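Step one of this worksheet: look at the structure below.
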There are 2 protein chains.
Amino acid sequence: MHNTALDDLKIDHLPRTLREIAVERLRGAIIAGRFPSGARLVERTLCDQLGVSRSVVREAIRYLEAEGLVENAPRSGPVVATLDWGQAEQIYNIRLLLETQAAADCARKADAAAKAALRDALQALDEAFRASEPQRLYDATTHFYEVIFTVAGHDVAWEIVQRLNGRISRLRALTLASTDRHVSGQARMTRICEAILDSDPERAASAVHDHLTEAAEIARRLLGNDARPEDKSR
Amino acid sequence: MHNTALDDLKIDHLPRTLREIAVERLRGAIIAGRFPSGARLVERTLCDQLGVSRSVVREAIRYLEAEGLVENAPRSGPVVATLDWGQAEQIYNIRLLLETQAAADCARKADAAAKAALRDALQALDEAFRASEPQRLYDATTHFYEVIFTVAGHDVAWEIVQRLNGRISRLRALTLASTDRHVSGQARMTRICEAILDSDPERAASAVHDHLTEAAEIARRLLGNDARPEDKSR
DNA sequence: GTGCTAATCTTGGTATGCCATAAGATGGTC
DNA sequence: GACCATCTTATGGCATACCAAGATTAGCAC
């Protein structure tokens with residue numbers, strides 16, 4: 001698969017400093033649900049688990065705190081941020097705005113190379129759907145959207161969406177895993193992709209709209225059903 | 001139980017940590033332009049200036065880094081984030097989406113109390129316009145929008161907008177100070193306010209749209225004129 | 001005089017130590 | 001037996017010490 005010049009421009013030094021690695025690990029662990037919502041993040045414990053010093057852990061926590069993934073209770077230290085449906089709903093609404101716009105602009109701007117990249121991403125998504133590996137599906141979905149935002153030239157919006165996704169990551173994992181999602185998700189993604197390949201902004205936006213509305217609805221049911229989604233015990 | 005009344009009793013000012021103060025000071029200094037774009041943020045110097053240890057400074061920088069106000073160059077340390085027109089344009093576009101939506105929802109939801117608060121905010125804005133005090137105008141404008149977002153129930157979006165505003169703060173100060181802005185800004189704000197008071201979502205959204213489009217245009221001219229607004233000297 | 005090397009200095013990254021406080025345990029008193 | 005005071009410990013906030021790497025400058029050799 002020939003990679004377009006889109007995403008390979010980053011000569012970025014792979015996670016160099018311990019701090020960056022720590023941020024990624026922690027974020028990954030929180031997003032993956034290894035630390036439940038409300039769980040305390042005890043610095044010294046994390047030091048042991050990560051094998052780094054407290055300085056590193058503390059700075060990583062500050063970073064995640066600014067990202068909204070961690071909250072700092074005044075005197076009891078950092079805890080994993082909790083999420084209620086009110087916030088989740090807002091987040092889905094914001095994603096709706098940003099993603100429909102991105103899809104439309106992507107459809108407007110996509111050239112041949114961009115379309116090839118999108119096709120590749122959809123292909124990977126298809127495989128992940130079939131493989132039924134949650135993590136791979138999650139990653140492939142993320143990458144699919146990354147291509148859309150990148151082609152649209154919406155770097156900043158992508159940054160925001162990623163951050164928001166972090167905050168609803170557990171919900172997102174649940175919606176992706178949801179059974180009805182399995183059948184319709186693939187079809188919807190394909191619809192988005194086709195609209196972009198046809199350079200049809202309206203249809204692309206509308207496809208994203210439907211897709212996200214459905215995801216939000218599933219999330220609402222999930223969060224609404226078990227009123228207390230997670231336990232705050234440590 | 002009068003839960004709502006009790007919620008306001010939060011006195012979270014007491015456990016004010018040095019770190020929080022440092023973050024606020026630094027952010028304020030960057031937004032106010034005391035540190036120009038691209039300026040290096042030398043830890044030990046900041047330690048002296050703030051009178052705190054490196055731990056505090058470093059954690060504050062990590063926080064601002066996640067906020068996008070500070071960038072960390074691989075080996076030369078943190079610098080104040082720079083802004084090119086491409087990013088600024090994206091930011092204005094995102095604000096456009098979020099703020100029109102917020103204004104519309106605000107117009108839908110505003111009750112008598114909310115409308116009174118909005119009127120007060122506009123009043124303060126008027127006075128600030130007349131007083132020609134840049135800082136006061138900046139604050140009053142921010143507060144005006146805060147009311148709109150709060151009434152609309154868009155906390156999360158407001159958080160995002162504030163963060164984005166931080167990144168274009170210098171541009172924003174310039175557009176607010178711009179002379180043509182002086183005459184039309186007030187009128188536009190009034191138009192936004194009136195539409196909301198009339199509970200007219202479409203007109204509110206359209207008023208915000210015009211307002212922001214104009215601001216973006218002014219910003220583009222300002223940033224376009226002196227092609228390289230700031231020096232990245234290092 | 002020029003070019004190369006080495007020492008130093010600057011700066012950031014990492015580790016550790018000390019202190020204040022809050023929560024839990026323990027023991028004494030009524 | 002219950003309640004209160006005190007002690008202990010767990011934990012976070014803050015400061016400092018040490019180390020590695022890059023830049024700058026000085027000195028030496030040619």
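Naming: A, B, ... by sequence-line order, numbering from 1 per chain. Note that this is a predicted model, so its numbers are computed, not measured.
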Checklist entry - With a 4.5 Å limit on heavy-atom distance, are the side chains of Ile30(A) and Val70(A) in contact? => result yes
Checklist entry - Roughly how far, to the nearest 0.5 Å, is the CG atom of Leu125(A) from the OG1 atom of Thr142(A)? => result 10.0 Å
Checklist outcome for this item: Taken to the nearest whole Å, CZ/Arg44(A) to P/dA10(D) is 10 Å
Item to check | Side-chain donor-acceptor contact under 3.5 Å, Gln135(B) with Asp139(B) | outcome: yes
Checklist entry - Reckon Leu46(A) touches a base, only the sugar-phosphate, or nothing at all at heavy-atom distances under 4.0 Å? => result nothing
Checklist entry - Would you say Glu127(B) and Arg136(B) make side-chain contact, with heavy atoms under 4.5 Å? => result yes
Please tabulate, one pair per line, each protein N/O and nucleotide N/O from nucleotides 20-25 of chain C that are separated by under 3.5 Å, including the distance.
from, atom 1, to, atom 2, distance (Å)
dA22(C), OP1, Arg75(A), NE, 2.9

Next on the checklist: Does the Lys NZ or Arg CZ of Arg172(B) fall within the cation-pi geometry relative to Tyr138(B) - under 6.0 Å from the ring centre and within 45° of the axis?
Outcome noted: yes
Next on the checklist: Just the rounded figure in Å: distance from C1' of dC14(D) to CD of Glu43(B).
Outcome noted: 15 Å
Checklist entry - Does a side-chain heavy-atom distance below 4.5 Å link Leu171(B) with Tyr92(B)? => result yes
Checklist outcome for this item: Minimal heavy-atom distance between Ala152(B) and Lys109(B), with the atoms involved, is O-NZ, 3.1 Å
Item to check | For the student: nearest non-hydrogen atoms of Ala216(B) and Trp85(B), plus distance | outcome: O-CH2, 3.5 Å
Checklist entry - How many angstroms lie between CD in Glu159(B) and CD in Gln162(B), if you round to the nearest 0.5 Å? => result 8.0 Å
Checklist entry - Would one find more than 12 heavy atoms of other residues, nucleotides or ligands at under 6.0 Å from atom CZ of Arg25(B)? => result no
Item to check | Nearest non-hydrogen partners of Glu67(A) and Arg167(A), listed with the distance | outcome: O-CD, 4.1 Å
Any N/O pairs under 3.5 Å between the protein and nucleotides 15-17 of chain D? List them or say none.
from, atom 1, to, atom 2, distance (Å)
dA15(D), OP2, Ser53(B), N, 2.8
dA15(D), OP2, Ser53(B), OG, 2.9
dA15(D), N7, Ser55(B), OG, 2.6

Next on the checklist: Would the base of dG12(C) count as contacting Arg58(B) through its side chain, where contact means a donor and an acceptor less than 3.5 Å apart?
Outcome noted: no
Checklist entry - Is any side-chain N or O of Arg19(A) under 3.5 Å from a base N or O of dG13(C), one able to act as donor and the other as acceptor? => result no
Item to check | Interatomic distance where CD1 belongs to Ile21(B) and C1' belongs to dC14(D) [whole Å] | outcome: 13 Å
Checklist entry - Going by number, which of residues 59-72 of chain A have a non-hydrogen atom under 4.0 Å from DNA chain D? => result none
